Amino acid sequence: MTGLIAFREIVLKVHSRCDLACDHCYVYEHADQSWRGRPKVISPEVISQTASRLAEHARAHALPSVTVILHGGEPLLAGTPRLRLVCEEFTRALDGIAALDLRIHTNGLQLGTRTLDLFVEYGLKVSVSLDGDRAANDRHRRFADGRTSHPLVLAAVDLLRTEPYRHLYQGLLCTVDVANDPVAVLDALVELEPPRVDFLLPHATWQTPPVRPDEAPDTYARWLLRVFDHWERRGRPVPVRLFDSLFSTLGGGPSLTEALGLAPTDLVVVETDGTLEQVDSLKSAFEGAAATGFNVFDHAFDQVAAHPGVRARQLGLAGVSDTCRRCPVVRSCGGGLYTHRYKADPADPAGAGDFDNPSVYCTDLRELVDGVEGRTGARASAPELSDPAELTGSQEQLTRDMLALLNDGRTGDSEWRRAWQLLGDVERSGDAGADALDAVLSHPFTRTWIRASLDAGRTGPGDAPEATRRLTALAAAAVLRGGLDLPAEVVYRDGEVYLPTLGLLRLGEPGTDGRAALHATGEGYAVREEGRPEHRFGPAAGDARWQPVRTWSPGPDEAPVALEDLDPHRNCFARPPRLRLGAGEAEEWRERLDAAWALLHASVPEFARAAAVGLTTLTPLAGGPRTAGWGEAGRHGPGALGVPYAAGVSETALALLTGRRRARLQALTEVADLYALDGEWQHPSPWRERPVPVSRLLADVHERVAVEAYRRATAAAEPGGTDRINRALDRLSEAAELTSTGKRLVEQLRWELKAVDA
């Protein structure tokens, strides 16, 4: 099965004729007329064989579920007994193999209680084709003699909306006609309270282009955007899959419809005679465009999956034209529906042509994506981008979620369970306990420990005792910080235990392991060990066995910052951390930090204030400054920064500035989607010899804006620095990978650079 797509959805043609004569129908009115040679109704043999083939396919690919869509022509013309046979055969064949999702797409004219009772029995969901109000629907969906179908469709939908059938109502399918009033169309559809509306562009190709009464290339975009604006004004009364898909892709998520996005198709069509075909819309391109040469009696679904035409729609970004690959909205439009890209070869009028072209709706799709993003981009951007409190809150929640995930894999450890229970007791003990727990969970190297433990668990059993020791220390630190009357027992190793945010406590000789009970006292903390008298330690104890975490105060209006040179998990930077600083070394470092901080506030006050937000922990790193003395953000939660201990004042200032910029961007990428498909494109960088992925280019620009401001303020600016940043920003502005949030970040960087220029 390697390399083959698994079909998770089949369209089963149960009847090949229709009781309407819609003049926009791709089955009867377009290039492929193969329906004329098909049996009118699907046979029991085709039904049974297709069900067996699908079960075989689902078992081979271990599919959790499959969807079967009954289609036509008009599928209800097959009659209730034949539809019952379909439901029975597929339910029997898939039993114990995969969940079965049965659906039907119908014009609704034959929908009655007898059919709906059958659908209730098998949970078969119903989508009805309706193009809007009566005027819109009558434009195309009429009987052969010209009579309206609208009242009958409304009656069918009204029946579907009643109990006990309401839960079967899946939505309405509306084919766009720009001659219709978009506001009236939406209002008519919304009045029927559909669970979802699908707006479908009429099938067209470069040989048979869509009707454009005004001959404008964006006619359909303007129509759909009028629908969108009215839908917004009405408060988005029903889900619209086209718009929801754009919201998803603009935010970095997947497409929700085959008509847009880069997701590979996973659909195969079974005709009434058992012929296996590609997606049905290909019938609009040319005679035989959907054909594979396979059938359910002689061929497995995997053989269809290997067909070149099917494979061509599995390639994602590699499957669109060069023009599309260079377009900044390609992640959202996906080059348009595959069928709509077809263009005949002008040098060979009898030839089949190809699909290696932009969509015939290319301009419409570009305007639609840009129009929706322009209307919603600010609202759709992650709040963490502009609100530091939101970023902090999201990061805290991420740490808790990761810790809960780690807990899921440790429930067999009784020591772990006791510590986990203690954490819960701390959180339930009131404000003091909740604040204390927040403090230890927000400690950056708590995240480092969690990530290391999760990674170890994915590659093997990991060091379970080490993980348990850290959790007991985490819970104990929360108890002590909160001054809580709770039993806090720690497991120590090599004679010592590190209490996150508090310090390192030596409980025995090197090489010894054991356990001890800790509790808070009025003036500090105390430890009890079996067979030994109680020993007090903490801020006022003056005990050589206790090494507290030191702090540094950046300024009177800024919170103290931990100078973390004790936590065993601080070794998460590109270079090793310094060992515990001596008292004199710590004081010298504080003085350099004071001078560096003052330099930042004097030279780039706005950037300095931004750097202070969320900074909680500084770790001294070994060695002197590297290039420009830039700071380092490690594999930790937000708030921590590694700074070369031996750097001078100017280098330390730049390290604080650049390190905080790196840490902020890292924190954003952990809780918000700034880009998608990173690495699919490579972009020229003004600072690197080779092209880079969008993530690297964005990180470079994010740092360089601050660096440029600092260098200008300190008379050390490099010639052409601003020009290089602007070139990179221009490239990012056209990058297809960026989400709405990523684009907003680029806009922020432009404003920052303008402020620097000013």
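The structure presented is a predicted model; accordingly, all values stated were derived computationally and were not measured. Heavy atoms only: backbone and side chains are in, while hydrogens, waters and symmetry mates are out.
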Parallel, tilted or perpendicular for Tyr338 and Phe355, by the 30°/60° rule? parallel
Any side-chain heavy atom of Leu124 sitting closer than 4.5 Å to one from Cys87? yes
Counting C-beta onward and ignoring hydrogens, is there a side-chain heavy-atom pair between Leu189 and Phe199 closer than 4.5 Å? yes
With the side chain counted from C-beta on, respond yes when Leu76 and Asn107 share a heavy-atom pair under 4.5 Å apart, and no when they do not. no
Would you please name every residue forming a side chain to side chain contact (heavy atoms under 4.5 Å, CB included) with Pro254, sequence neighbours left out? Ser248
Pro209 and Ala204: which non-hydrogen atoms are nearest, and at how many Å? C-CB, 3.9 Å
Return the orientation label for the Tyr342 and Phe286 ring planes: parallel under 30°, perpendicular over 60°, tilted otherwise. tilted
Could you check whether any side-chain heavy atom of Lys40 comes within less than 4.5 Å of a side-chain heavy atom of His15, counting everything from C-beta outward? yes
Hey, what's the ring geometry for Trp231 with Phe247, parallel, tilted or perpendicular (30° and 60° as the breaks)? parallel
With salt bridge (charged side-chain N to carboxylate O under 4.0 Å, His left out) as the rule and sequence neighbours excluded, what pairs involving residues 209-223 come up? Arg212-Asp364, Asp214-Arg222, Asp218-Arg222
Got Ser284 and Thr208 here, is their nearest side-chain heavy-atom distance under 4.5 Å? no
Evaluate Arg92 against Glu89 for salt bridge (Lys or Arg N to Asp or Glu O under 4.0 Å), listing each step before the verdict. CA-CA 5 Å; Arg92 176 195 56 77; Glu89 285 294 306; 2.9 Å; yes
Of Arg103, Gln170, Arg196, the residue whose pairing with Ser127 passes side chain to side chain donor-acceptor pair (under 3.5 Å): Gln170
Lys/Arg N to Asp/Glu carboxylate O, Asp280 vs Lys13, below 4.0 Å: yes
For the residue pair Thr148 and Arg134, establish whether any side-chain heavy-atom pair is separated by less than 4.5 Å. yes
Determine, for Arg331 against Glu373, whether the closest basic-nitrogen to carboxylate-oxygen distance falls under 4.0 angstrom. no
Scanning both residues in full, the closest heavy-atom pair of Thr106 with Gly108 reads OG1-N, 2.9 Å
Using the salt bridge (charged side-chain N to carboxylate O under 4.0 Å, His left out) rule, collect all pairs that involve residues 104-128, keeping only residues at least two apart or in two chains. Arg84-Glu121
Within the side chain of Ser48, is there an N or O that forms a donor-acceptor pair under 3.5 Å with the backbone of Pro44? no
Examine distances only and state if a side-chain atom of His61 and a backbone atom of Leu63 form a donor-acceptor pair shorter than 3.5 Å. no
Are Arg53 and Glu56 within salt-bridge range, i.e. N to O under 4.0 Å? yes
Less than 4.0 Å between a side-chain N and a carboxylate O, is that true for Glu232 and Arg379? yes
Is the closest side-chain heavy-atom distance between Asp177 and His140 below 4.5 Å? yes
Can you tell me how the ring of Phe7 sits relative to the ring of Phe301, calling it parallel under 30°, perpendicular over 60° and tilted otherwise? perpendicular
salt_bridge(Arg161, Asp158) N-O dist < 4.0 Å: yes
